[in-house]
2 protein chains.
Amino acid sequence: MSVINSKKPKASVTLTDVAQLAGVSLATASKALNGRSQVRAETRQKVIEAAAALSFTPNPFAQALNASHTGTIGMLTSDLDNRFVLPVLLGAEDAFGSGATSVLLCDARGDAVREQHHLNTLLARRVDGIVVLGRTTNPRPSITAGVPVPVVYAYAPSDDPADTSFTPDNYTAGRQAIEHLLARGRRSIALVNGEPSYTAATDRAAGARDAMREAGLELTGGDELYGQWSESWGRQCTETLLASGRPIDAILAGSDQIARGVLEQLRETGHHVPAEVAVMGFDNWDILSATARPPLTSIDMNLQELGRAAARALSDAISGTTEPGVHRLPVRLVPRESTASVQRL
Amino acid sequence: MSVINSKKPKASVTLTDVAQLAGVSLATASKALNGRSQVRAETRQKVIEAAAALSFTPNPFAQALNASHTGTIGMLTSDLDNRFVLPVLLGAEDAFGSGATSVLLCDARGDAVREQHHLNTLLARRVDGIVVLGRTTNPRPSITAGVPVPVVYAYAPSDDPADTSFTPDNYTAGRQAIEHLLARGRRSIALVNGEPSYTAATDRAAGARDAMREAGLELTGGDELYGQWSESWGRQCTETLLASGRPIDAILAGSDQIARGVLEQLRETGHHVPAEVAVMGFDNWDILSATARPPLTSIDMNLQELGRAAARALSDAISGTTEPGVHRLPVRLVPRESTASVQRL
DNA sequence: CTGAAAGCGCTTACAG
DNA sequence: CTGAAAGCGCTTACAG
């Protein structure tokens, strides 16, 4: 039985200790551990063993004092309490965390003053770069001016086209949704959209409208059926559409949440999905889409991949190569039962 | 029109620059800025002004080299992609971020190897302390042994009672739920619970059972109606309960998600909520509870406050005072229409 | 009250 | 290939 404190982590071991144990100078120990070429193989081996024996961990602060970078980046979020932010954050953390970069997290809670404060903190900590994570896909103010390190914007693009931004391709998402419904044989399609102040809503509407036009069709009810991002708006608008008496064989909802309302209203008024009306949403928020009745076809915004792409771009920018502009990342259709092909009766 | 690069953030300004501009020595400049007492007021003022004029920011790495702590803590999450983790993280970030402490974020993605790797990274970066954030309220393995800095566990308590842990008080949550229903005049109450492998489920069941017994009652169907954390389980179990023919005037669901299924089943079988059957859930996940039909009474687990408490405890531990043990934090009942008082017909 | 000097733990020209 | 020395930017006894 060994005592728990067999290795006392008291005063941390220093490179000097390693050099001493290996019987070389401080300088040589440093070179050996850092893979410098001017070290004999045996010497290097001795040093490495000594370091291992002492569980040596170089003091990152001493290292940073000599290095041009710190192996640290800042993640500046506008609103952590937002379900769209989480996957992006996760993707970015994953991309950085698997390398040698650590992530400093700051949440501004939607407050510009706090954002500025956190920005200063990050800069004071000498981060190598910053990911700015917005809460919607609407363009947001650039913070790049005056910041001495690379900045990449994720989810919400910067309003300055000279910045590097990553955002989901909502326009194409709208197109893809319509193309999917058309491929399933639907022709009378309504778009029950979310709030018009969101570019996510307007971009998707534009894509949907264009895809319909190319097929020589128009959206039933037009492309201006804006409301709230809520189930109740989905129910209400569906009710109105049905009452209008116009034929409808598909409803594209602006979000999964709206789609849930659409589905409920259809079920409660005796309309079968998908036989009579196909329904689909956006976001592929599985808690809503996968458990809907029937399970809901949706467009996944690939947010985790977006976070990863932003992280990679920041890494590239830190090492010198940037591709400025707004990068609209591909989305992915996830077909489920709510738009399944059926033998029309 | 001023040029954008009016202040070039090239080589960062150093304390030596400040001292020079103020016309004092390096040592004096340091003391003046750090509020040391042995500095004449005028001198201090001069230095402060010089620092401001140059926008001086002390290099934290040089500071850390002399200090015993780094103003940095590690947040080690098991699974960022978890809706329960987010509020805890947010609360903790808020508590630290408003002070002088920065948060280093690491996500283990449910992998023990990755967790160990990240732990080493955090230690190598000389964090002053660590918050371990679990994905369920089930006890998790302690990592405290061998870690030279304080560790606090949030959401998932450590399995070592000598550690300091914060977790929601699920037992009391169960009691409170029942007491609320009893106060609303309900007597025949069923508990449609989640998965029995979760202490969140079993603890709530224990609290509910005890509260019923104290009122001389038993849960309809017993306290073992375990299933999945899903809407479909809520529907299915409700169907069974109704079919059993036993009188039921309230259903307590193990989560809001289950409660949604319960509500749907009741509505579709023509049972009025709350007039005929009251329904409530746990978690107060607003996307589910507030938008339910009718809006769902639920127990909020106060996760954000839990995160804050954990952060405070870690700060205290870093400055020397700890209160070991599992701290079960209070929860909060949020009454909505689904358990409203009604004139029983 | 002020400043010269040593030191925190490392890296990197520069000699040898 | 190896090591003595200077330096990264700060802080802190220690003299004055």
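Chain letters run A, B, ... following the sequence lines, proteins first, then strands; residues in each count from 1. No experiment lies behind these values; they were computed from the predicted model shown.
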Participant: Could you list all the salt bridge (charged side-chain N to carboxylate O under 4.0 Å, His left out) pairs where at least one residue sits in residues 14-28 of chain B, not counting sequence neighbours?
Facilitator: none

Participant: I need the full list of ring-ring contact (aromatic ring centres under 6.0 Å, His included) pairs touching residues 135-159 of chain A, with sequence neighbours left out, sorted by first then second residue.
Facilitator: none

Participant: Could you list by number each residue of residues 15-29 of chain A showing a heavy-atom separation from DNA chain C of less than 4.0 Å, or answer none if no residue does?
Facilitator: A:L15, A:L26, A:A27

Participant: State which residues pass ring pair (Phe, Tyr, Trp, His ring centres under 6.0 Å) with A:F96; sequence neighbours excluded, sorted by chain then number.
Facilitator: none

Participant: Pairing of DNA chain D as dot-bracket, 5' to 3': ( ) intra-strand, [ ] crossing, | other strand, . unpaired, with Watson-Crick or G-U pairs under 3.5 Å?
Facilitator: |||.||||||||.|||

Participant: Examine distances only and state if a side-chain atom of A:N34 and a backbone atom of A:R36 form a donor-acceptor pair shorter than 3.5 Å.
Facilitator: no

Participant: side-chain contact (heavy atoms from CB on, under 4.5 Å) with B:S25: which residues, sequence neighbours excluded?
Facilitator: B:A27, B:T28

Participant: With sequence neighbours left out, which residue pairs that include part of residues 311-325 of chain B fulfil the salt bridge (charged side-chain N to carboxylate O under 4.0 Å, His left out) condition?
Facilitator: B:E305-B:R312

Participant: Atom NE2 of residue position A:H117 - does it have more than 12 heavy atoms of other residues, nucleotides or ligands inside 6.0 Å?
Facilitator: yes

Participant: Using only atom types and a distance under 3.5 Å, with no angle test, would you say the side chain of B:S30 pairs donor to acceptor with the backbone of B:L26?
Facilitator: no

Participant: Going by the salt bridge (charged side-chain N to carboxylate O under 4.0 Å, His left out) test, which pairs reach into residues 118-137 of chain B, not counting sequence neighbours?
Facilitator: B:D79-B:R135

Participant: Taking side chain to side chain donor-acceptor pair (under 3.5 Å) as the cut-off, I'd like each qualifying pair that reaches into residues 104-114 of chain B, sequence neighbours left out, listed once.
Facilitator: B:T77-B:D107

Participant: With respect to B:N138, which candidate in B:D159, B:T199, B:T167 satisfies the side chain to side chain donor-acceptor pair (under 3.5 Å) definition?
Facilitator: B:T199

Participant: Please name the pair of heavy atoms, one in A:A29 and one in A:V24, separated by the smallest distance, quoted to 0.1 Å.
Facilitator: N-CG2, 4.0 Å

Participant: At a heavy-atom distance below 4.0 Å, which nucleotide of DNA chain C is the first touched by chain A, and which is the last?
Facilitator: C:dG9 to C:dA13

Participant: I need the residues from residues 58-73 of chain B with at least one non-hydrogen atom less than 4.0 Å from DNA chain C; give them sorted by number, or say none.
Facilitator: B:L65, B:N66

Participant: So how far is it from A:M75 CE to A:L80 CG, rounded to the nearest 0.5 Å?
Facilitator: 9.5 Å

Participant: Could you identify which residues of residues 31-42 of chain A place a heavy atom less than 4.0 Å from some atom of DNA chain C, listed by residue number, or say none?
Facilitator: A:K31, A:N34, A:R36

Participant: For A:V152, is there any backbone N or O sitting under 3.5 Å from a side-chain donor or acceptor partner on A:T164?
Facilitator: no

Participant: Flag the pair A:V47 / A:V39 as yes when at least one side-chain heavy-atom distance between them is below 4.5 Å, and no otherwise.
Facilitator: no

